[in-house]
Amino acid sequence: MRMKRVAAVAMMASLALSAAACGKEGTPAPSGGNASGGAQGDTCTTSGATFTPKGDANVAGSPTFDKIKSSGKVTVGVKFDQPNLGYKDAQGKRCGFDIEIAQYVASTLGVDPAKIEYKEIASANRETAIKGGEIDYYVGTYSITDKRKNDISFAGPYFIAGQDLLVRKDETTITGKDTLKGKKVCSATGSTPIQKVRDEGLTEPENIVEFKTYSECVSQLLDKKVDAVTTDDAILKGYAAQNPDELKVAGQPFSTEKYGIGLPKDDKALRDYVNDQIEAAAKDGTWQKIYDGTLGKSGSAGSPPALERY
Ligand code: GLU
């Protein structure tokens, strides 16, 4: 029941955000987990940016690009339940900052964003999906970490977030990361935030609750089965905005999460190319346009981070 309610509210919020925008209709939003799929073309650009495929795109020495070029399509891993970031609305249209970054990257590779095939990949399964060639690249609140760099590579960062806490509106005792002892804290399997809760012992092991997705944690929070949800502030703000009468973001961000585009580890040519494209988007205003029309709608100003070229 609760899951349905979260999803329904999420869809309404996204619909309001995307009222002006989208392409053809797809399938309804799935209710959770690690489902894949999504008809081609079912994306929207709430920012109003246009992503014209580069006619002369060439990435010499990139096996991934060769595959994309010969098939004429690109397969991109994304999230589906993160409002304003990677989100699938009631009409099956995919919207948000990460979705538009994914569209932009596709266009620089010469692919019409309408030809993107989206695959929903949960946090815990990203490296496996990239390593196995299931997706060409991944755009979905994916923090650049040394551990992940053992398996894949990253272009970016294209955004910087910070770990924070989502609590019920009437919560007064949870005000920051050092107030979590004895509280039930929920996060996603395989994520950096759940790792931090464990590594720093922010709550007792028996009080750590994990699900594949953050929306499942939010349902638990609304149902009073957990006391807090922890992940990046950019994600939590989206959930708080869906349920402003019941939820709030508490405390200050307590980590630095640099979002990268996940790429096959050995494809250095593609990584250099995507880095160049991110840099170009920062310079020519495309990044700002995407941000202002998606995440920036929550009211917080943002600007492109310095590229680090890992
Ligand atoms: N940025 C964090 C991570 O990559 C949390 C968000 C997520 O799970 O996608 O683990």
Side-chain angles (χ1 to χ4, degrees), residues 10 32-36 76-88 94 96-102 118-131 135 137-166 177 185-200 202 208-221 226 228-240 249 251 253-263 265 291 294-295 298 302 305 308 310:
N34 192 31
S36 74
V76 184
V78 292
K79 296 285 182 69
F80 68 92
D81 64 340
Q82 299 182 174
N84 298 342
L85 281 157
Y87 195 77
K88 191 171 183 183
R94 294 176 190 275
F97 182 70
D98 282 334
I99 299 294
E100 294 201 27
I101 293 286
Y118 294 95
K119 281 201 173 166
E120 291 157 4
I121 313 275
S123 296
N125 302 328
R126 294 180 283 206
E127 289 87 81
T128 307
I130 295 169
K131 275 203 300 193
I135 53 177
Y137 57 91
Y138 189 94
V139 192
T141 61
Y142 200 7
S143 296
I144 300 166
T145 70
D146 287 341
K147 183 163 176 267
R148 290 172 179 164
K149 277 196 269 173
N150 289 329
D151 291 317
I152 61 140
S153 77
F154 288 102
Y158 65 93
F159 187 73
I160 299 181
Q163 183 171 354
D164 215 331
L165 303 166
L166 183 75
K177 77 178 176 100
V185 179
C186 191
S187 195
T189 308
S191 67
T192 52
I194 202 163
Q195 197 57 45
K196 196 173 187 74
V197 173
R198 287 206 175 97
D199 291 349
E200 297 191 8
L202 298 180
I208 300 173
V209 179
E210 58 183 287
F211 284 93
K212 267 186 181 169
T213 63
Y214 297 110
S215 51
E216 289 170 283
C217 283
V218 174
S219 297
Q220 296 277 310
L221 182 65
V226 301
V229 178
T230 187
T231 186
D232 305 335
D233 51 359
I235 301 172
L236 297 178
K237 280 180 194 165
Y239 292 125
V249 177
F254 51 92
S255 75
T256 303
E257 306 295 325
K258 296 180 179 179
Y259 289 179
I261 296 173
L263 301 167
K265 185 172 164 64
Y291 178 85
T294 54
L295 269 183
S298 66
E308 293 183 27
Y310 295 91

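Note that the structure is a prediction, hence the values are computed from the model and not measured. We count ligands from 1, going down the list as the structure has it; atoms in each ligand are counted the same way.
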Under a plain distance cut-off of 3.5 Å, with no hydrogens placed, do Thr141 and Gln82 share a side-chain donor-acceptor pair? yes
Any side-chain donor-acceptor pair under 3.5 Å between Tyr138 and Glu127? no
Quick one, list the residues around ligand 1 where some non-hydrogen atom comes in under 4.0 Å, by chain and residue number. Lys79, Ser123, Arg126, Gly140, Thr141, Tyr142, Ser143, Arg148, Ser191, Thr192, Pro193, Tyr214, Thr231, Asp232, Ile235, Glu257, Tyr259
For Tyr259, all residues meeting ring-ring contact (aromatic ring centres under 6.0 Å, His included), sequence neighbours excluded: Phe159
Thr189 side chain vs Glu210 backbone, donor-acceptor pair below 3.5 Å: no
Is the backbone N or O of Lys149 less than 3.5 Å from a side-chain atom of Lys265, with the two atoms forming a donor-acceptor pair by type? yes
Nearest 0.5 angstrom please: Asp98 CG to Tyr158 OH, how far? 3.5 Å
